[in-house]
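Note that ligands are numbered from 1 as they come in the structure, with each ligand's atoms numbered from 1 the same way. From a predicted model like this one, the values you see are computed outputs, not experimental measurements.
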Amino acid sequence: MFKLSDFDFHGKTALVRGDLDVPLRKCQMSNVKCPMWEVEDDTRIEACLPTIEYLLGQRAKVILMGHLGEPRGRIVEELKLTPVAEKLGELLSLTIPRQQPKVRSRIQNIPVYFLGDNLWLLENLKFYPGEEGNDLEFSKRLASLGNFYVNESFAVSHRRYASLVQLPRLLPHCAGFNFVEEVKNLSRVLEDPKRPVVFIIGGAKTETKLPVIGDLLGKADVFLLGGGVANTFMVAEPRHPKTIGKSLFDQAQLENVRKILAREKGQKVEFSGVKSIYKIKIPTNLVIAKKEDGDFSGTEVVDIGGKSGEVFDQEKMIVDIGPKTRELYGKVINQAGTVVFVGPMGLIEKKRFSQGTKAVFEAMANSTAFKVVGGGDSIAALNSFGLFSKMDFVSLGGGAMLEFLAKGTLPGIEALRRENG
Ligand code: ADP
Ligand code: MG
């Protein structure tokens with residue numbers, strides 16, 4: 001891959017594809033008539049600062065690009081990049097009014113936020129169908145704005161979007177500093193990792209997580225599952241499928257998961273101090289609760305392995321891993337050489353259901369393994385527990401990290417590897 005240091009940016013314009021898809025929250029001052037959003041977790045924005053600052057230091061002009069949320073090719077008011085522009089201004093200590101930074105102009109018919117004479121931010125790329133459609137004409141519009149293309153968006157590089165795979169065809173291209181760090185650190189998990197290698201996979205975005213588990217079977221010694229990922233395995237189990245009430249699971253991938261289970265063939269792994277466990281460990285001690293009017297009631301801990309499975313109240317849903325599973329996961333993590341975490345174990349948005357995730361992070365923090373965490377929501381949780389600095393590497397990619405670990409490359413990486421013309 002080409003690096004920033006391979007080019008002379010002096011007096012040129014660099015198009016930087018950043019990873020700006022950050023969690024937002026309503027400002028405290030906001031009201032229904034005038035909702036204002038602010039960035040809740042700026043980890044991803046911070047990660048592109050070194051590249052931006054380097055380019056500005058090289059006397060280049062920077063046009064930053066990125067997307068926020070899933071507007072699906074339409075303009076969605078609350079997904080405008082205003083809060084991101086504000087946060088960028090704050091972090092770069094440039095002068096941006098604390099209220100809405102005004103969009104003052106359009107280039108190639110795309111609104112632009114002016115963050116400084118040499119730093120512009122283009123409006124949410126996913127407002128344009130060409131981005132997700134990987135459209136060449138859209139890419140040409142973007143390419144016409146600059147002389148160089150820099151990918152600083154590892155977390156999105158598993159997607160074949162225009163700004164990730166087409167732009168490098170049209171402009172001299174390279175990877176940003178954080179992108180290079182991602183590849184370097186994640187390669188440590190791929191190349192001769194310290195064993196045992198433990199993958200902890202949870203969360204709700206099952207469509208990016210479940211398909212790669214099959215590819216990871218040969219690389220991991222054990223999988224500790226949680227969240228919607230674990231639920232899907234519970235339902236898919238061919239011999240003892242579980243009925244899990246209103247729990248989240250991925251119907252579309254049951255067949256796929258059955259194939260993974262068939263390949264894994266009930267393989268067991270030994271860890272001292274615990275009974276041998278299946279290579280793909282599905283939690284059996286769980287917290288369940290009934291969802292009502294946006295809140296939860298009737299929280300209880302159940303064992304769904306074995307006979308007690310029948311007591312699962314079908315009006316309830318799984319909201320976290322239970323204390324026994326936390327303890328088991330902790331013991332496995334304690335003996336691991338490498339731990340990769342992606343996707344929370346439970347509904348982290350509710351503090352009382354974030355305890356399973358917290359326990360797993362704490363076990364990781366206390367372990368001597370090489371510890372990697374990825375995924376937007378996972379990182380936000382890690383931050384909220386104050387354990388960010390205890391990890392060896394925090395990857396901005398959730399799906400992208402897993403796909404890189406499974407396949408050893410990503411579409412965005414391949415695009416950067418192509419000859420610079
Ligand atoms: P990441 O961003 O870390 O990759 P995901 O986006 O896949 O993770 O998933 C995060 C979401 O998963 C959180 O909003 C959390 O509430 C949800 N989640 C975790 N466990 C469950 C569960 N058992 N049921 C429903 N949602 C869950
Ligand atoms: Mg997420």
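For ligand 1, the atoms closer than 4.0 angstrom to any heavy atom of I318 are 22 (C), 23 (N), 24 (N). Residue contact check: G203 has heavy atoms under 4.0 Å from atoms 7 (O), 9 (O), 12 (O) of ligand 1. Listed by number with element, the atoms of ligand 1 under 4.0 Å from a non-hydrogen atom of G375 are 1 (P), 2 (O), 3 (O), 4 (O). Contact atoms of ligand 1 toward G346: 15 (C), 16 (O), 18 (N), 19 (C), 20 (N) (distance under 4.0 Å to a heavy atom of the residue). Numbered from 1 in the order shown, with element, the atoms of ligand 1 that lie under 4.0 Å from a heavy atom of G343 read 3 (O), 8 (O). Close contacts of ligand 1 with L248, meaning ligand atoms under 4.0 Å from a residue heavy atom, involve 24 (N), 25 (C), 26 (N).
Partners of L136 according to the side chain to side chain contact (heavy atoms under 4.5 Å, CB included) rule, which considers only residues two or more places apart in sequence or in another chain, are K140, Q166, L170.
With hydrogens left out, the protein atom closest to atom 6 (O) of ligand 1 is D377 OD2, 3.0 Å, a heavy atom. Nearest protein neighbour of atom 3 (O) of ligand 1, counting heavy atoms only, is S378 OG, 2.6 Å. Of all protein heavy atoms, the one closest to atom 9 (O) of ligand 1 is A204 N, 2.9 Å. Atom 21 (C) of ligand 1 has G227 CA, 3.9 Å as its closest protein atom, hydrogens excluded (heavy atom only). At the top of the distance list for atom 27 (C) of ligand 1, counting protein heavy atoms only, stands L347 CD2, 3.7 Å.
At under 3.5 Å, not a single nitrogen or oxygen of D320, backbone or side chain, sits near a nitrogen or oxygen of ligand 1.
Between atom 14 (O) of ligand 1 and the options K205, M401, E349, K291, the minimum heavy-atom separation is to E349.
Side chains of Y161 and K126: a donor-acceptor N/O pair is present below 3.5 angstrom, by distance only. At a cut-off of 3.5 Å, with distance as the only test, a side-chain donor of H67 or R17 sits close to an acceptor on the other residue. A donor and an acceptor atom, one from each side chain of E403 and T208, are nowhere located under 3.5 Å apart.
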For this session: Please lay out, stage by stage, how D295 and R352 fare under the test salt bridge (Lys or Arg N to Asp or Glu O under 4.0 Å).
Result: CA-CA 12 Å; D295 208 352; R352 61 188 192 279; 3.6 Å; yes

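For R141 and E137, the salt-bridge test fails: no basic side-chain N is under 4.0 Å from an acidic carboxylate O.
Taking the ring centre of F370 as origin, the terminal cationic atom of R188 falls inside the region bounded by 6.0 Å and 45° from the ring axis.
Rounding to the nearest 0.5 angstrom, the gap separating the OG atom in S5 from the OH atom in Y54 is 6.0 Å.
Residue contact check for ligand 1: K209 places a non-hydrogen atom closer than 4.0 Å to it.
Formation of a donor-acceptor pair under 3.5 Å by the Y113 side chain with backbone atoms of E86 is not found in this model. A donor-acceptor pair under 3.5 Å links the side-chain atoms of D21 to the main chain of G69, judged by distance alone.
Closest to the Mg ion (ligand 2) among the N, O or S atoms of D377 is OD2.
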